[in-house]
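For clarity, every value in this text was computed on a predicted model and none was experimentally measured.
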Amino acid sequence: MIAFVSGPVAALAPDSAVVEVGGIGIAVQCSPNTLAGLRAGQQAKLATSLVVREDSLTLYGFADDDERQVFELLQTASGVGPRLAQAMLAVHSPDALRRAVSTGDEKALIAVPGIGKKGAQKLLLDLKDRLGEPLGPGGAAIGTAVTAGWRDQLHAALIGLGYATREADEAVSAVAPQAEAAEGTPQIGQLLRAALQTLNRAR
């Protein structure tokens, strides 16, 4: 089990990062929130979860141990693989997912690409006693601050979640007023949730 990777970030892509560890570049699949906190050339430490398949070994990376733990717990639910678990964490923080499950909030789960009404109901039943109670106070979770190019990062995040370029363009335009009205630096997590809501309404 690879518990974490630590080293300079060698490269960044819409859904992954390459971290140099002992002269070896290790590719790590990451959510948009995690990627937003990384910068090429700077040191990074990511909690990781190794997913073994017959034809592949994939390392998933997270900003902290809590996010990794929730990622692994989500996969104990029927029908949830690593991709869907990562999509859930792209839309919601670990505490927001705990809150959604503990309060039976179907709408929060339906906001995740790939989860419909029936799927959300099944997940609420499967995860009810597994995720536990929220760790922090109530209210919306604070996303990772975007320091530069929020449009590019949000667009890349939507493409990474499987949306078409045109849909991503429209969603970025839809949340632009919210981003520009925000005091200080807009939060990628909050913008991503708002963008997904506009896409769900359009479908």
Side-chain angles (χ1 to χ4, degrees), residues 1-53 56-77 80-100 112 127 130-137 139-161 182 184-193:
M1 172 66 179
I2 301 172
F4 69 88
V5 295
S6 179
V9 178
L12 290 168
D15 61 354
S16 65
V18 177
V19 180
E20 186 180 332
V21 180
I24 298 170
I26 297 181
V28 186
Q29 297 289 313
C30 301
S31 72
N33 285 351
T34 301
L35 288 170
L38 303 178
R39 297 289 175 269
Q42 292 185 7
Q43 286 289 123
K45 182 177 180 180
L46 297 172
T48 55
S49 179
L50 182 64
V51 175
V52 180
R53 294 284 185 264
S56 66
L57 294 171
T58 307
L59 199 61
Y60 289 83
F62 309 93
D64 55 40
D65 289 333
D66 184 38
E67 197 173 47
R68 176 186 61 196
Q69 185 179 12
V70 170
F71 172 78
E72 292 172 348
L73 286 171
L74 289 172
Q75 291 176 76
T76 64
V80 178
R83 283 288 183 183
L84 184 55
Q86 191 178 48
M88 291 170 78
L89 284 164
V91 178
H92 299 294
S93 69
D95 247 15
L97 283 171
R98 290 190 189 96
R99 201 170 297 115
V112 178
L127 295 170
R130 300 184 193 182
L131 290 188
E133 292 298 313
L135 302 180
I142 298 171
T144 306
V146 180
T147 54
W150 68 265
R151 286 175 182 273
D152 292 340
Q153 290 190 337
L154 181 58
H155 193 274
L158 291 166
I159 297 294
L161 287 171
T185 310
Q187 309 283 334
I188 189 69
Q190 292 172 0
L191 293 178
L192 181 59
R193 283 189 282 279

Intermediate values then yes/no, side chain to side chain contact (heavy atoms under 4.5 Å, CB included), V112 and L84: CA-CA 9 Å; V112 178; L84 184 55; 4.3 Å; yes
By ring-ring contact (aromatic ring centres under 6.0 Å, His included) - contacts of F71 (at least two apart): Y60, F62
Pairwise side-chain contact, V9 with R39, heavy-atom cut-off 4.5 Å (strictly under): no
For the student: nearest non-hydrogen atoms of P94 and D66, plus distance: CB-OD2, 3.5 Å
Exam field: side chain T76 to backbone L73, donor-acceptor pair closer than 3.5 Å: yes
Separation of H92 NE2 from R99 CZ (nearest 0.5 Å): 11.0 Å
Heavy-atom check, side chain of V70 versus side chain of E67, under 4.5 Å: no
Heavy-atom pair of closest approach, residues Q86 and C30: NE2-C, 3.2 Å
Would you give me the side-chain donor-acceptor pairs under 3.5 Å for residues 42-51, sequence neighbours excluded?
residue : atom : partner : partner atom : Å
T48     : OG1  : I2      : O            : 2.5
T48     : OG1  : A3      : O            : 3.4
T48     : OG1  : F4      : N            : 3.3
S49     : OG   : E72     : OE2          : 2.9

Close side-chain approach of L35 to L12, heavy-atom, < 4.5 Å: yes
I26 vs E20 side-chain heavy atoms within contact, under 4.5 Å: no
Side chains of L59 and V5 in contact at under 4.5 Å (non-hydrogen atoms): yes
Side chains of L97 and L74 in contact at under 4.5 Å (non-hydrogen atoms): yes
Minimum heavy-atom distance between A77 and L127, given as atom pair plus value: CB-CD2, 3.8 Å
Donor-acceptor contact below 3.5 Å, side chain R83 vs main chain V80: no
Partners meeting side-chain hydrogen bond (donor to acceptor under 3.5 Å, both in side chains) with T58 (sequence neighbours left out): none
